[in-house]
Amino acid sequence: MNYNLLNDNQLKAVKHIEGPLLILAGAGSGKTSTMTNRIAYMLELGINPYNILAVTFTNKAANEMKNRVYDLAGENRGLWIMTFHALCLRILRYHSELVGYKAGFVVYDENDKKTALRSVIKNNGLDDKIYSVAYLNKVISDCKEKGMSPADYLKENGDYDIRSKKVYIAYKAYRELLKKNNAMDFDDLLLNCVKLLEENDDVLEYYQNRFRYIMVDEYQDTNYLQYKLIKYLADGYRNLCVVGDDDQCIYEWRGADIRNILDFEKDFPDALTIKLEENYRSDNNILDLANSVIKNNIGRKKKVLWSQKDRGDKITYARLDDEKAEARYIASEILNLKERGYEYKEIAILYRKNILSRSFEECFPHYNIPYRVLAGSRYYDKKEIKDMLSYMRLIENPDDDFAFERVINEPKRGIGKKALEKIKDWAEANGTNCLNALKSQEVLDSLSSKSRGLAIEFTEMIDEISCQLENITLEDIYDNLLVRTGYLSALENQNTIEAETRMENIMEFKSVIANFKGSMDEFNPDEDLRKNRTELGLFLENITLTAEIDNHDEKENAVVLMTMHSAKGLEFPVVFIPGMENGVFPGNNSFDNDKLEEERRLCYVGITRAKKKLYLTSAAERMLYGRRDYMRESLFLEEMDKNLMDGDRIDKEGHNKYRRLQDGYSGEVAAKPFDALKYAKTTIKNKVFNNEDINMGDRVKHEKFGEGLVIETDAKTITIIFDKFGRKKIGKGFVKLEKVGE
DNA sequence: GACATATCTAAAGCC
DNA sequence: TAGATATGTC
């Protein structure tokens, strides 16, 4: 093999395969090629692929690694290169009974989880104002990530506390509900897998013996459970290589623990640490800008990216009048770039919040700019797709009562709220699922004769298709469902444009199925995996474990729009970062110190996506949530080295109109804060001030927004012009306001 | 039970 | 603003 393309440190990492290894890989430092070469090197040494495990966070990363190993070694069969969740799922499939699940268990995604939580809240008579779906979701997820059971939670938070008691009840009920539906959520995959290894020495020994060489990508983003899982698996042979960059830890909010990477050398005192600091991606101006921002973070492993490349172009910063002007400016700049030879697909717009995509979606069609927005999992969020998926899930797993609930009256079968309650009660009383309940004479008798007929038809159809599962293809199951459920004809009868679109989506979904089957044959020749599984089961699993970003087609010639979070691991010749404003980036909820550091890391990630050209923009005014606010420039802009930036500005029509960055904002922009008074009003609800004697004219300090001037008070609210954020109206709550002057 | 109207609230989203 | 959910009405 040819290792000439690697630098010294990369080569050292590739060849160090025995014992623990920490690779600190800065952005764009050739991390993936180091990892893939390392695997190829192991194969070359004759190490059995069966003994190698590489874990990533995204399917995209896993697929890329598989492909690149194939390119290097001509082979990738037998290697386990997959995401944490896929790994756990695969292990659990073989041992589900050991963690108390039935063999065909399904995986619930975020939406299913919320549905389950809603029913938990309802069934336990919890106040959904206090114990909201979002709150419980967060608390339960946090618990699971730390490996805490409901009882552990109660112990830690005190059983005298009413709140923790209620959370305990909800958590426990949620867990039982999922088990009853024979379902695991994403956290359960990890939790149960760790539990499996913890409680079964023989299983642990088997996997330790199997995975003699383990690699973990994006190690800075691992949470406690992932850390523990890896530790268990690696404990046998201790050939563990973790790769990461503490400066790119941007997922603390969902449990990532940056200490995992910072403390790796403590966990493995004999670990070799290799730093990859040479960047092969970006021009030096871009790198220096990134360095000038990230150096403001304390508590990081010091590392300075450098590159042999040219200085390159300066970073362009433009402050525009509002979000529309910002979109027009970026659109016209894209057209300029196009004229200079850039392709649309080389250009990305990376923002902090998904709503920021709106102005571009409205603007770009006028400029004939092709674009693709990558956000969450919107395709599967469509009602008709969810419905069809629920039908499929019910067939695969009759215990899935949520799937049942979703489809039993879709299309209408005259089984509404009341009838559904009856079905659920009967199922509860008889210890079975809803589908079985609907077959019982008692339930059928309680329905009207018309509904009864439809109900019988429904259960017979589900049973029949379930029986055929082994014999007919996935496509046929889908077609069968479309027709026999009456879903398609119900849409046809509607004769509306909306129904038309839904039908198109339903048809389009067929190609998703076809694609799945194609990729199944191509990428997963592993017979083992398919054993005892239905095609349908594999398909559903695949959908749940796939994210929108995985479907990003790099060949499509379109400008791509996504959040900076999604962009991690990607690179583009041209990057635009709009919304460089306090309140947007860093976001309003990030103004305490550790959160700010994470935002700064995100900023670092955003900047380092760019290879040749980087544009930053901000809007003086922005419409957010139906409100127009005056926006201050991001504090990250202040941290950036101005020598690397170009201060030319463009007015709202997109034509040249010079304003200098160094001048501050004289003239029209400086006047904005006063104009903005009539627009800007932000209400923070349910807050109480600690200090009651605050009056008009006082200067106060807010724990999040910093200092400002009080211009209005009444019984419930106080209005302040903050130095950094402009005017905000604050309601009563537990926020500390400190008087700092009169 | 189906449909219409009122109310609320708002990040990031890997798997 | 807009979407999701809760409540009210026929």
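We name chains A, B, ... by the order of the sequence lines, and we start the count at 1 in each one. Only heavy atoms go into these numbers, but all of them, side chains included; no hydrogens, no water, no symmetry mates. Keep in mind the model is a prediction, meaning the values are calculated, not measured.
Checked options A:Arg601, A:Arg300, A:Arg600; the residue passing with A:Asp247 is A:Arg300 (criterion: salt bridge (Lys or Arg N to Asp or Glu O under 4.0 Å)). Each of A:Ile250, A:Thr58, A:Asp245, A:Thr563 was scored for a side chain to side chain contact (heavy atoms under 4.5 Å, CB included) with A:Lys568, with one residue passing: A:Ile250.
Across the protein-nucleic acid pair, A:Ile543 atom CD1 and B:dC14 atom C1' stand 18 Å apart, rounded to whole Å. Atom-to-atom, OH of A:Tyr108 to P of B:dG13 comes out at 25 Å; the value is rounded to the nearest Å. What separates CG of A:Asn354 from C1' of B:dA11 is a distance of 9 Å, to the nearest Å. For the pair A:Leu225 CG and B:dC14 P, the interatomic distance rounds to 19 Å; values are reported in whole Å. A:Lys353 places its NZ atom 17 Å from the P atom of B:dT9, with the value rounded to the nearest Å. Between the CG atom of A:Asp187 and the C1' atom of B:dC15 there is a distance of 9 Å, rounded to whole Å. The nearest whole Å value for the distance from the NZ atom in A:Lys422 to the P atom in B:dG1 is 13 Å. When rounded to the nearest whole Å, the span between CG of A:Asn589 and C1' of B:dT9 equals 13 Å.
The neighbour count for A:Tyr131 OH, taken as heavy atoms of other residues, nucleotides or ligands under 6.0 Å away, is above 12.
A:Ser566 has a side-chain polar atom (N or O) that falls below the 4.0 Å cut-off from OP1 or OP2 of B:dG13.
Across all non-hydrogen atoms, the minimal contact from A:Glu145 to A:Arg254 is OE2-O, 3.1 Å. Residues A:Gly579 and A:Glu326 approach most closely at N-OE2, 2.9 Å, considering heavy atoms.
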Pairs: protein N or O with nucleotides 1-7 of chain C N or O, under 3.5 Å:
{"from": "C:dA2", "atom 1": "OP1", "to": "A:Arg358", "atom 2": "NH2", "distance (Å)": "3.4"}
{"from": "C:dT5", "atom 1": "OP1", "to": "A:Arg118", "atom 2": "NH1", "distance (Å)": "3.2"}

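Residues that satisfy the side chain to side chain donor-acceptor pair (under 3.5 Å) test with A:Arg118, not counting sequence neighbours, are absent from this structure.
A:Phe186 comes within contact range of at least one nucleobase, with a heavy-atom separation under 4.0 Å. Across all strands, A:Asn409 comes closer than 4.0 Å only to sugar-phosphate atoms, never to a base (heavy-atom distances).
Closest to the A:Arg352 side chain, of the nucleotides B:dG1, B:dA11, B:dC15, is B:dA11. Side-chain proximity of A:Thr58 to B:dG1, B:dC15, B:dG13: nearest is B:dC15.
Seen from the ring of A:Phe105, A:Arg93 counts as a face-on cation partner, given the 6.0 Å and 45° thresholds.
Nucleotides of DNA chain B nearest to A:Lys412 and A:His85 differ in position, and the one nearer the 5' end is that of A:Lys412. DNA chain B is contacted by both A:Arg413 and A:Thr563; A:Arg413 maps to the nucleotide lying nearer its 5′ end (nearest heavy atom per residue).
Stacking annotation: A:Trp253 is stacked on the base of B:dA12 (ring centroids less than 5.5 angstrom apart, interplanar angle below 30 degrees).
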